[in-house]
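Residue numbers count from 1 along this sequence.
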Amino acid sequence: MEYFVAPDSVVRKIWGKSDTILFIFAGASAEFALNKAVDWLYFTGKLPSDPLGRLFSTVAYARQIVFSEYHQALFAIDKIASIHQAVEQSRAAQIPDWAYRDVLFMLIDYSIRSYELLERTLTAKEKEEVFEVFYRVGARMGIRGLPTHFQMWEQMRAEHLQENLLASHFTTDLYQQYKKHLGLFRFLLLKQAQILVVPSRVNALLGLGKVPFFAPVVSCYQFLRLLKVENYLKDVILPQAYKPQIMALDKV
């Protein structure tokens, strides 16, 4: 059977663990709030009304692509494209290509950053592998102006971080929604996780701070994983409503 992502790919290792995915989620939640095109996410009303659900749906689609048979993955990608096209038709405007690229760039960047935070440093070949998977996703969606190799992506990612991020009233509102839906304790944990994983540009715009008080918790969690009792910590920090979904993310 042919798969969109090879069974032995490092991308499956990254997206097959709930731990890594939660940090990808943390990074994306920070950057979504700053993106200059975030008004598109507000247009449907889904993001401010259910920010956790909206972000988890993005994660769910990505995981479906990573673990599906080749043609099923293409079907999932086409469905994503059709959903966005419907939103464009409703608003009678087009989502800019750079906004599409930004989402792909986030998935690449936070996949690498999260795995390296929790596991180990990726090799240049493995980073290229992460890039290549999401490049094929973007190409299938018909996104224009995509970088064609990892080094080109690094340059474009740096440019996008400088040009396409802005702290706005959407940023303030979205963080208020995060706090409302997570509760104060988990909201503070989210911000600590963001300090550990986001680029410095994102940190500076959000004013997250430089001291990651959460870092010792990560070290403690890595030790608990060795003892295979990490679920006790997850029970404390995970939102009850999403706990079954998060625990089901573990595939490897």
Side-chain angles (χ1 to χ4, degrees), residues 10-35 38 51-52 54-56 58-60 62-63 66 101-123 126-127 129-131 133-134 150 153-154 156-158 160-162 164-165 167 171 174-175 177-179 181-182 185-225 230 233-234 236-239 242 246 249-250:
V10 71
V11 180
R12 287 197 172 208
K13 294 178 183 177
I14 294 169
W15 284 85
K17 288 187 176 181
S18 59
D19 315 340
T20 316
I21 293 171
L22 285 171
F23 274 94
I24 294 172
F25 169 89
S29 65
E31 203 162 321
F32 265 123
L34 291 170
N35 195 283
V38 74
L52 303 182
R54 178 63 179 79
L55 287 163
F56 271 121
T58 300
V59 167
R63 290 185 81 257
V66 169
R101 290 196 300 268
D102 274 348
V103 176
L104 278 181
F105 288 5
M106 274 191 272
L107 293 174
I108 295 167
D109 199 3
Y110 292 121
S111 292
I112 294 171
R113 287 172 179 270
S114 300
Y115 191 78
E116 291 192 330
L117 174 68
L118 295 174
E119 303 290 342
R120 60 173 175 82
T121 302
L122 293 172
T123 66
E126 288 172 329
K127 291 178 180 179
E129 196 175 321
V130 174
F131 163 79
V133 165
F134 288 104
F150 183 76
W153 169 81
E154 285 185 302
M156 289 184 68
R157 170 66 170 160
H160 276 229
L161 285 170
Q162 290 299 317
N164 299 342
L165 301 184
T171 310
L174 194 50
Y175 265 77
Q177 297 302 323
Y178 292 158
K179 186 176 180 180
H181 285 81
L182 285 170
F185 173 67
R186 293 187 179 97
F187 174 67
L188 293 175
L189 286 180
L190 172 67
K191 293 177 71 174
Q192 285 295 304
Q194 290 172 343
I195 292 174
L196 290 170
V197 77
V198 301
S200 57
R201 168 72 172 163
V202 174
N203 188 321
L205 287 171
L206 290 172
L208 295 172
K210 300 295 184 182
V211 182
F213 298 105
F214 194 49
V217 177
V218 173
S219 299
C220 174
Y221 182 73
Q222 290 169 331
F223 176 69
L224 291 176
R225 280 201 309 186
E230 71 275 14
L233 183 58
K234 285 185 180 180
V236 174
I237 65 176
L238 294 179
Y242 292 93
I246 296 167
L249 295 174
D250 288 306

- prompt: In terms of ring plane angle, is the pair W153 and F105 parallel, tilted or perpendicular, where the classes change at 30° and 60°?
  reply: perpendicular
- request: State the CD-CG distance between Q192 and L188, to the nearest 0.5 angstrom.
  value: 8.0 Å
- request: Mind running side chain to side chain donor-acceptor pair (under 3.5 Å) on S111 and W15 for me, showing each step along the way?
  value: CA-CA 8 Å; S111 292; W15 284 85; 3.0 Å; yes
query: With sequence neighbours excluded, what pairs up with E126 under the salt bridge (charged side-chain N to carboxylate O under 4.0 Å, His left out) test?
result: R120
query: Rounded to the nearest 0.5 Å, what separation is found between the CG atom of N35 and the CG atom of L174?
result: 11.5 Å
query: Is the shortest heavy-atom distance from the side chain of F32 to the side chain of V103 under 4.5 Å?
result: yes
field: Worked check of side-chain contact (heavy atoms from CB on, under 4.5 Å) between L190 and S29
entry: CA-CA 9 Å; L190 172 67; S29 65; 3.7 Å; yes
Heavy-atom side-chain contact between I112 and F131 under 4.5 Å: no
statement: Interatomic distance, NZ@K191 vs CG@L182, rounded to 0.5 Å, equals 12.0 Å
- prompt: OG1 of T20 to CG of L118: how many Å apart, nearest 0.5 Å?
  reply: 5.5 Å
field: Over all atoms of both residues, closest heavy-atom pair of V130 and V11
entry: CA-CG2, 3.8 Å
Flag side-chain contact, heavy atom, 4.5 Å: R113 against I24: no
field: Separation between CG of L205 and CG of L161, rounded to the nearest 0.5 Å
entry: 9.5 Å
field: Y110 and P199, any side-chain heavy atoms less than 4.5 Å apart
entry: yes
message: Walk me through whether L206 and Y175 qualify under side-chain contact (heavy atoms from CB on, under 4.5 Å).
response: CA-CA 10 Å; L206 290 172; Y175 265 77; 3.2 Å; yes
Non-hydrogen side-chain atoms of L34 and V38 separated by less than 4.5 Å: no
- prompt: Quick one: does NZ or CZ of R157 land under 6.0 Å from the six-membered ring centre of F134, within 45 degrees of the ring axis?
  reply: no
statement: Which of H160, R201, M106, Q194 passes side-chain contact (heavy atoms from CB on, under 4.5 Å) with E31? Answer is M106
task: Would you check if E119 and K17 make a side-chain contact, meaning some heavy-atom pair closer than 4.5 Å?
output: yes
- prompt: Side chains of R186 and K179: does their closest heavy-atom pair fall under 4.5 Å?
  reply: no
- request: Report yes if the side chains of S114 and I14 come closer than 4.5 Å at any heavy-atom pair, otherwise no.
  value: no
- line: Residues at least two apart in sequence or cross-chain that pass salt bridge (charged side-chain N to carboxylate O under 4.0 Å, His left out) with R101, listed by chain then number, are none
